[in-house]
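Working notes, structure below.
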4 protein chains.
Amino acid sequence: MLPHLLKRKVNTKKNMKKNFKERLSDVKAFVFDVDGVFTDGTLTLLPGGEQARTMNIRDGFAIKYAVEQGYPIAIITGGDDEPVRWRFNRLGVKHVYLPSSDKVTDLKSFIEKENINPEDVLYMGDDLPDWEVMQMVGVPTCPCDADSEIQKISYYTSDKKGGEGCVRDVIEQVLRAQHNWLTQK
Amino acid sequence: MLPHLLKRKVNTKKNMKKNFKERLSDVKAFVFDVDGVFTDGTLTLLPGGEQARTMNIRDGFAIKYAVEQGYPIAIITGGDDEPVRWRFNRLGVKHVYLPSSDKVTDLKSFIEKENINPEDVLYMGDDLPDWEVMQMVGVPTCPCDADSEIQKISYYTSDKKGGEGCVRDVIEQVLRAQHNWLTQK
Amino acid sequence: MLPHLLKRKVNTKKNMKKNFKERLSDVKAFVFDVDGVFTDGTLTLLPGGEQARTMNIRDGFAIKYAVEQGYPIAIITGGDDEPVRWRFNRLGVKHVYLPSSDKVTDLKSFIEKENINPEDVLYMGDDLPDWEVMQMVGVPTCPCDADSEIQKISYYTSDKKGGEGCVRDVIEQVLRAQHNWLTQK
Amino acid sequence: MLPHLLKRKVNTKKNMKKNFKERLSDVKAFVFDVDGVFTDGTLTLLPGGEQARTMNIRDGFAIKYAVEQGYPIAIITGGDDEPVRWRFNRLGVKHVYLPSSDKVTDLKSFIEKENINPEDVLYMGDDLPDWEVMQMVGVPTCPCDADSEIQKISYYTSDKKGGEGCVRDVIEQVLRAQHNWLTQK
């Protein structure tokens, strides 16, 4: 199915000039990396070999609200930290690929299960492990402190850093464009 | 009682031009949200599904001092983290609504128990879950990194961010205006 | 003994114009508050009611080095967190007043035990609980993000914030002025 | 063997004008300090006397990738925190000197085991405990918030702070200069 997706990508290229604001009304689903997107890219090393990650409440509010509005959401992360799964399950996210050993395969699994066109997916990633998968979706985005090569392939760079509200930023923009944001109801 | 409160709100509107500095001398009680006000909006995910929140000592000093001076204080938070309750109990706060499933109801409970006029309450919140309740009090305020719609309905935006002293800022200003601050005694 | 100390303070006033750089060569001992000085003023609330504080390695390096050079050092903190005591004991600090219920009494205990003139003590504090005790020593100092009233009574405000090296800054300056810093040997 | 190394250092001095960009193609191995390089220099004090350190995922990605490309890497730290060892072992680093009581001896051990010329080693350190050992390698580097004396002896100061990607910065620059970076393949 990868060639099929890449073919879609070719089609996407034709639309590249369609700007981000216009694309917002097309977005039907969201996919997010975790480290550097929901977090500032740091990992706290705890005694016993365990880890802690720090996330933003406002990003969580946006995820939960988008789930309630019916948007399919997937989390795809190379990380291997069960508390991250619990956090997203609690926010209502059904598709948590953790640990993901192949982001491309996991994206395909998500779009098949939800029967979505990759053109209609907004993806936010911050670093090279997201590079390939970001080029397969219609709306690749990143936080403002993403790796430079990720910024190059993004259609939109948030004015927020990872962990400081970049997820809320893109969700709020999409839902506002589609008149689904909380304060528009 | 909500319509009654909303009616008060209408009355409040008449006074909207009375500026924040003048209002400070009217404040008789404080209500605070937690995440994004006492914290920078982050949540640390610990092994075992537990959470940690990080607060500012100077905000804590101000809360404790205001309690000692006799100001009624309430904490109303959607969060569900017992260490937060312990922290505020240790600082002397009697009214800790945690987890609050309905901030409006909890505000009403507080003002009834303490027999206060909502006009005389200063509330500080940072995000949309505070939006409705903030419009029911006389002095809605927020940290400088609050959501834009919260900033719009606030009579005062602190120059401090959440977790960086915004609570201390508003308590110190009110107590100074009323000649009750520590260094004025 | 407080009046005696206050009398010393009166003597100090005569020397107030002697600038900070000149005073550095007189410093014979150091006293530090903890929260907002060794830390950025935050406290992490852990499950079980425990707390975590975050300190700077370079401040620790300076403390350890000053102890090795023979400078008496005291830590006086209102906090009540045993890991803080362990940290300072490990760095070689013998005088750790924790929790201190009266900073003035603890300062007097320290200068008596070490037989030092309060004129020769450099104190660094950041907030109102340090206000009285700071006025009893020869060289009151603070981090750049200290409370405004603490800044007013300080002879020197570091260009570093609490937790970002303000302790290292004052120790390094004193030891350099006295030709005792590591890279001068 | 120290005099031998110092002799190399004398030779190095002759090449000091060779700029950093040119030197990048010579680097065959990496040595890193931990605190202030992989971290922002802070240490979190946990109940029970344990410690937590916070590291950056993108630095970890670069370490793992450089190990996979066959570059010898050593970690030399005065710290004494087993989770740090586990983190680096997981990233594939074989040489973890922790706790190091003598960084010079540990550097010599590493270059002997890997049979490398110290001229070809890039070292990144941030504070005075790195001062001596940094002068024994061909390419001493530091984060932008390093101690001023460390900056003086560095051939390159990253535009990133400790904990904010300075390790990724130097690894990526070296691997790009040698056409070994991920996106060049």
Side-chain angles (χ1 to χ4, degrees), chain B residues 34-35 38-66 68 75 77 79-91 96 98 159-169 171-173 175-176 181-185, chain C residues 32-55 75-81 83-84 98-101 103-104 124-135 140 142-154 161-164 166:
Chain B
V34 173
D35 290 305
F38 283 96
T39 78
D40 65 356
T42 63
L43 192 66
T44 298
L45 309 178
L46 297 176
E50 292 182 297
Q51 303 173 344
R53 279 170 168 83
T54 296
M55 298 198 182
N56 195 298
I57 290 272
R58 283 190 222 161
D59 285 344
F61 177 84
I63 289 285
K64 195 171 170 224
Y65 186 74
E68 286 165 9
I75 303 297
T77 173
D80 179 14
D81 191 20
E82 284 301 315
V84 171
R85 183 193 303 282
W86 300 332
R87 169 74 176 155
F88 286 108
N89 286 342
R90 232 174 126 172
L91 294 172
V96 181
L98 171 160
D159 62 344
K160 304 285 189 190
K161 291 183 180 179
E164 297 189 358
C166 57
V167 172
R168 166 75 166 258
D169 175 29
I171 290 179
E172 186 173 332
Q173 287 201 50
L175 270 64
R176 278 184 188 278
W181 186 241
L182 179 63
T183 53
Q184 292 172 317
K185 299 234 160 171
Chain C
F32 296 100
D33 172 37
V34 172
D35 290 307
V37 173
F38 283 96
T39 78
D40 65 357
T42 63
L43 193 66
T44 299
L45 309 178
L46 298 176
E50 293 183 297
Q51 303 173 345
R53 280 170 168 84
T54 296
M55 299 199 182
I75 303 298
I76 304 181
T77 173
D80 180 15
D81 192 20
V84 171
L98 171 158
S100 169
S101 57
K103 294 195 175 197
V104 168
M124 183 172 258
D126 77 307
D127 202 4
L128 298 179
D130 303 301
W131 195 69
E132 185 180 357
V133 68
M134 281 178 73
Q135 301 185 58
C142 67
C144 64
D145 56 346
D147 177 78
S148 61
E149 309 215 39
I150 294 298
Q151 295 200 32
K152 270 183 219 155
I153 61 165
S154 293
K161 291 182 180 180
E164 298 190 355
C166 57

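This is a predicted model, so every value here is computed, not measured. Chain identifiers are assigned alphabetically (A, B, ...) following the order of the sequence lines, protein sequences preceding nucleic acid strands; residue numbering begins at 1 within each chain.
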Subject >> Interatomic distance, C/L45 atom CG to B/D81 atom CG [nearest 0.5 angstrom] >> reply: 7.5 Å
Subject >> 4.5 Å side-chain heavy-atom contact, B/I63 and B/I171 >> reply: yes
Original post:
chain C heavy atoms under 4.5 Å from B/Y65: which part of the residue, side chain, backbone, both or neither?
Top reply: neither
Original post:
Are C/D126 and C/P143 close enough that some pair of their side-chain heavy atoms sits under 4.5 Å apart?
Top reply: yes
Original post:
Taking C/E50, C/E149, C/Q51 one by one, which has the highest count of heavy-atom pairs under 4.5 Å against chain B?
Top reply: C/E149
Subject >> Heavy-atom check, side chain of B/T183 versus side chain of C/L128, under 4.5 Å >> reply: yes
Original post:
NZ of B/K160 to CD of B/E164: how many Å apart, nearest 0.5 Å?
Top reply: 8.0 Å
**OP:** Considering only heavy atoms and a distance below 4.5 Å, find which of B/I57, B/N56, B/L46 pairs most often with chain C.
**Re:** B/I57
Original post:
Within a strict 4.5 Å, meaning less than it, do heavy atoms of the B/V167 and B/R58 side chains meet?
Top reply: no
Original post:
Just checking heavy atoms, which of residues 32-41 of chain C are less than 4.5 Å from chain B?
Top reply: C/D35, C/G41
**OP:** Show your reasoning for whether side chain to side chain donor-acceptor pair (under 3.5 Å) applies to C/T77 and C/S100.
**Re:** CA-CA 5 Å; C/T77 173; C/S100 169; over 6 Å; no
Original post:
Does the side chain of C/E132 come within less than 4.5 Å of C/K103's, by heavy atoms?
Top reply: no
Original post:
Going by atom types only, do C/Q151 and C/D147 share a side-chain donor-acceptor pair under 3.5 Å?
Top reply: no
Original post:
Which residues, numbered in order, of residues 83-90 of chain B come under 4.5 angstrom of chain C by heavy-atom distance?
Top reply: B/P83, B/V84, B/W86, B/R87, B/R90
**OP:** Side-chain contact test, heavy atoms from C-beta onward, threshold under 4.5 Å: evaluate it for C/M134 versus C/S154 and give yes or no.
**Re:** yes
Original post:
Quick one: are C/P140 and C/I153 in side-chain contact, heavy atoms under 4.5 Å?
Top reply: no
